[in-house]
Amino acid sequence: MSRDLILDGLNPQQKRAVKHTKGPLLVFAGAGSGKTRVIVHRVANLIIRGVSPKEILCLTFTNKAAGEMKDRLRAILGEEAPVWAGTFHAFGAWFLRQEASRIGYPSSFAIYDEADQRSLISKCLKELDIKPGRGMSGALAWLANFARDTMQDLNEIACGLPFDPYPVLALYEKRKRESHAFDFADLIFAPLTMLSSDEDLRDAYRSRFPYLLVDEYQDTNPAQYLLLMSLAGDGGNLCVVGDDDQAIYGWRGADVGNILKFRDDFPRAQVVVLEQNYRSTGAILEAASSLICHNRHRVPKDLKSVRGRGKEVAVREFTDDAMEAAGIAQAIEKLIASGASPDSIGVLYRVNSLSRVIEEAFAQWRIPYTVYRGTRFYENREIKDLLAYLRILVNPRDEEALARVINVPHRGVGEKTIDILRQYARDRRIPIAYAVGEAVIDRVVSGAQLKGLEEFHRIYAEIVCRAGMNDIASILGGILEVTGYEEALKTEPDGEDRVNNIRELIASTVDVRDIGRYLEEKSLMSRLDKDAGEERVSIMTLHMSKGLEFNYVFIPGLEEGILPHSRSMDTDRGIEEERRLLYVGITRAKKEVSLSWSKYRTIYGREEFQTPSTFLPEILQEDAPAVTELCAENS
DNA sequence: CCGAAAAAGATTTTT
DNA sequence: TCTTTTTCGG
């Protein structure tokens, strides 16, 4: 693409952002303001002006965003540009593959996800003779991550645990290191510590990537922020793009303050505010603005629509949640009957539990829908099991992976036996996977347990043998064959689905030579990128809707305790984030928004009396009186 | 070691 | 209500 085409069709603010090449740049990209376009065109502009693609580092939060960036760059430049684009965590993993030896890790390290982390933490609790209690390992995992994500000391964080978390997490760190594993927080934290303490290393990476670009900057946490600062240096060519009004991950340690104080960090920073909205109608933007204006900690913005006024935002009141769901179903049916495509419609709610009534109503009204739920493909048990077999091939010290599969399918190896094995390996300082064979020879257990161990040892040896000469898909197939896992699954209740998932995994496995890289990719990916955008209405949480758009948006459950959620209502910060959440939801819509609330709602099997959300009056404008309809439909 | 049963708790979840 | 996690008995 030629130089002038890069700026073609962009508005003045967008042009300013794209033309900027040197020094720090802050782009406030309001909802629907063509953010991705600006980012991609800016990168293309840098390349056309002679910056080597290899010198550009683009950091995002999701694989999807990174993929889209790369696709669109390829579309503009006509070829694959070797720009480094990926998530913060992928960058951390890439960095560590190269540099891990500096902190005593091999480059074949494992990456522990939340489940691995929780499981290791409960083992540490047991080892220290602390009675776990419900959800304790989850709370500790949260604490460990939150501490490193926010760069806080453990005892600075009030968590109300009945014991001192420090020894547990210290043991966790020790065990994790012995397993040559990093958890998600480490992928940011470890590179950060290495870069902060080693000036040469810092200089090396600074000169490797003189151009930095960060998407969704409002969602960076303190650790990511510091990592970025050590990569950027003082006068760095750092471009950050984000929208403080769409910061909805504070509860995970993200700090909106980062985007708000960018100008203090870089006084020379150019600032561009993208206020031209290409997505929504005027009425929708007006409602969104009048809502978000109630937040005190924000940069004022005035989104302008390029489309007409459009239909007013509707607020509907219902008697109970079933009627609300039926009302939404009915409205959607009407939309579809008048020609709207189901996949241009989204139902967005605060909590997953609201999906149920909606689903029931949709089933009744025969409305095709897809629920985007929390359960992610790679978190399915069967997928994790299969990948765990692969993990112990790459890293035989990976205790979590081994503990996961040594008794899958059942072969009589229980927790006790694993404990003995773990101790055995630790005493001899050998990888736990190698300890199995020796433990069998030493007869550390007897009877059924010994038989089980022997069997696992045989299986492991067989897999190791096959792994040497096959591609990954065949290795996976081999694992299924040798272990008899597929047959075992078929006897389970949901076995058929699980077997299908496994098939899907194998089918999607393209030949990568390096198993380690394959596993890295899988552990950093949440769902299989499969656009289920066929003729179906989308149902999801407000969080998941960020970055998407629909012609028609329905947001039910606008009640005190739900939106704003009861767990976020005590602080101003909490309320502001809830408000942003609703703002994100409303600004997903191109044509119409319908908000609703119910006087009665069944919550955890109990019928509760609800009051309308404080946010509703903030949206209502005097010239557009609330449309109150009582849905008389029976269910 | 495994299954059943009881108890407790139940936002959001980019990686 | 329903799911997850712990405990207890065979």
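Below, chains carry the letters A, B, ... as their sequence lines are ordered, and counting in each starts from 1. FYI, side chains are in, hydrogens and waters are out, and symmetry mates aren't considered; it's all heavy atoms of this structure.
- No hydrogens or angles were tested; on distance alone, a donor-acceptor pair under 3.5 Å links the side chain of R252(A) to the base of dT15(B).
- Y604(A) has its OH atom 13 Å from the P atom of dT3(C), to the nearest Å.
- Atom CD1 of residue I358(A) and atom OH of residue Y349(A) lie 8.0 Å apart, to the nearest 0.5 angstrom.
- Nucleotide dC1(B) forms a pair with dG10(C), judged by Watson-Crick or G-U wobble geometry with both contacts under 3.5 Å.
- Protein atom CG of L354(A) is 12 Å distant from nucleotide atom C1' of dT12(B), rounded to whole Å.
- Counting to the nearest Å, the C1' atom of dT6(C) and the CD1 atom of I130(A) are 17 Å from each other.
- In this structure, K546(A) and R411(A) both approach DNA chain B, and ranking their closest nucleotides by distance from the 5' end singles out R411(A).
- Using a 4.5 Å heavy-atom threshold, the side chains of F95(A) and L195(A) count as touching.
- Map F184(A) and R567(A) each onto its nearest nucleotide of DNA chain B; the residue landing nearer the 5' end is R567(A).
- The CG-C1' distance, from L96(A) to dT15(B), rounds to 14 Å in whole Å.
- Residue H410(A) has a polar side-chain atom (N or O) positioned under 4.0 Å from OP1 or OP2 of dC2(B).
- Residue E415(A) is in sugar-phosphate contact alone, with no base atom involved, counting any heavy-atom pair closer than 4.0 Å across all strands shown.
- The nucleotide whose nearest atom lies closest to any side-chain atom of H543(A) is, among dT11(B), dT12(B), dT15(B), dT12(B).
- Phosphate proximity of dA10(B) to S353(A): absent, as no side-chain N or O sits under 4.0 Å from OP1 or OP2.
- At a threshold of 4.0 angstrom between heavy atoms, the contacts of D113(A) with the nucleic acid are absent.
- Here the straight-line distance linking atom CD1 of I586(A) with atom CG of L582(A) works out to 4.0 Å at 0.5 Å rounding.
- Note on T417(A): only backbone sugar-phosphate atoms sit closer than 4.0 angstrom, heavy atoms only; bases stay farther off.
- Under 4.0 angstrom from either OP1 or OP2 of dC1(B) there lies no side-chain N or O belonging to N407(A).
- Between the CD atom of Q117(A) and the C1' atom of dT15(B) there is a distance of 12 Å, rounded to whole Å.
- Per the geometry, NZ belonging to K126(A) stands 10 Å off P belonging to dT7(C), to the nearest Å.
- Both geometric conditions, a ring-centre gap below 5.5 Å and a plane tilt below 30°, are not fulfilled together for H89(A) over the base of dT15(B).
- Between the CZ atom of R573(A) and the P atom of dT11(B) there is a distance of 21 Å, rounded to whole Å.
- For the OP1/OP2 pair of dT13(B) and a distance below 4.0 Å, the side-chain nitrogens and oxygens of N352(A) include at least one atom meeting the criterion.
- Nearest nucleotide to the side chain of T62(A), out of dT15(B), dT13(B), dC2(C): dT15(B).
- Comparing dT12(B), dT15(B), dT1(C) by their closest approach to the side chain of W251(A) singles out dT12(B).
- Note on R356(A): only backbone sugar-phosphate atoms sit closer than 4.0 angstrom, heavy atoms only; bases stay farther off.
- Looking at heavy-atom distances under 4.0 Å, Y249(A) makes contact with a base.
- Inter-residue side-chain proximity for F554(A) and V593(A) is flagged as unmet; no heavy-atom pair is nearer than 4.5 Å.
- Between dT15(B), dC1(B), dA10(B), one nucleotide has an atom nearer to the side chain of K416(A) than all others, and that is dC1(B).
- Under the 30°/60° scheme for interplanar angles, the aromatic rings of F109(A) and Y105(A) are found to stand perpendicular.
- One interatomic measurement links the two molecules: NZ of K522(A) to C1' of dT15(B), which rounds to 15 Å at whole-angstrom precision.
- Using a 4.5 Å heavy-atom threshold, the side chains of V83(A) and C58(A) count as touching.
- With D113(A) as reference, K384(A) is the one residue of R404(A), K384(A), R391(A) to meet the salt bridge (charged side-chain N to carboxylate O under 4.0 Å, His left out) rule.
- dT5(C) is paired with dA6(B) under the criterion used here, namely a Watson-Crick or G-U wobble arrangement in which both key atom distances are under 3.5 Å.
- Its glycosidic angle being within 90° of 0, dT11(B) falls on the syn side.
- Of the C1' atoms belonging to dT12(B) and dT5(C), the separation is 22 Å, rounded to the nearest Å.
- Nucleotides dT6(C) and dT11(B) have their C1' atoms positioned 24 Å apart, rounded to a whole Å.
- In this structure, E578(A) reaches the bases: a heavy-atom distance under 4.0 Å links it to at least one base atom across the strands shown.
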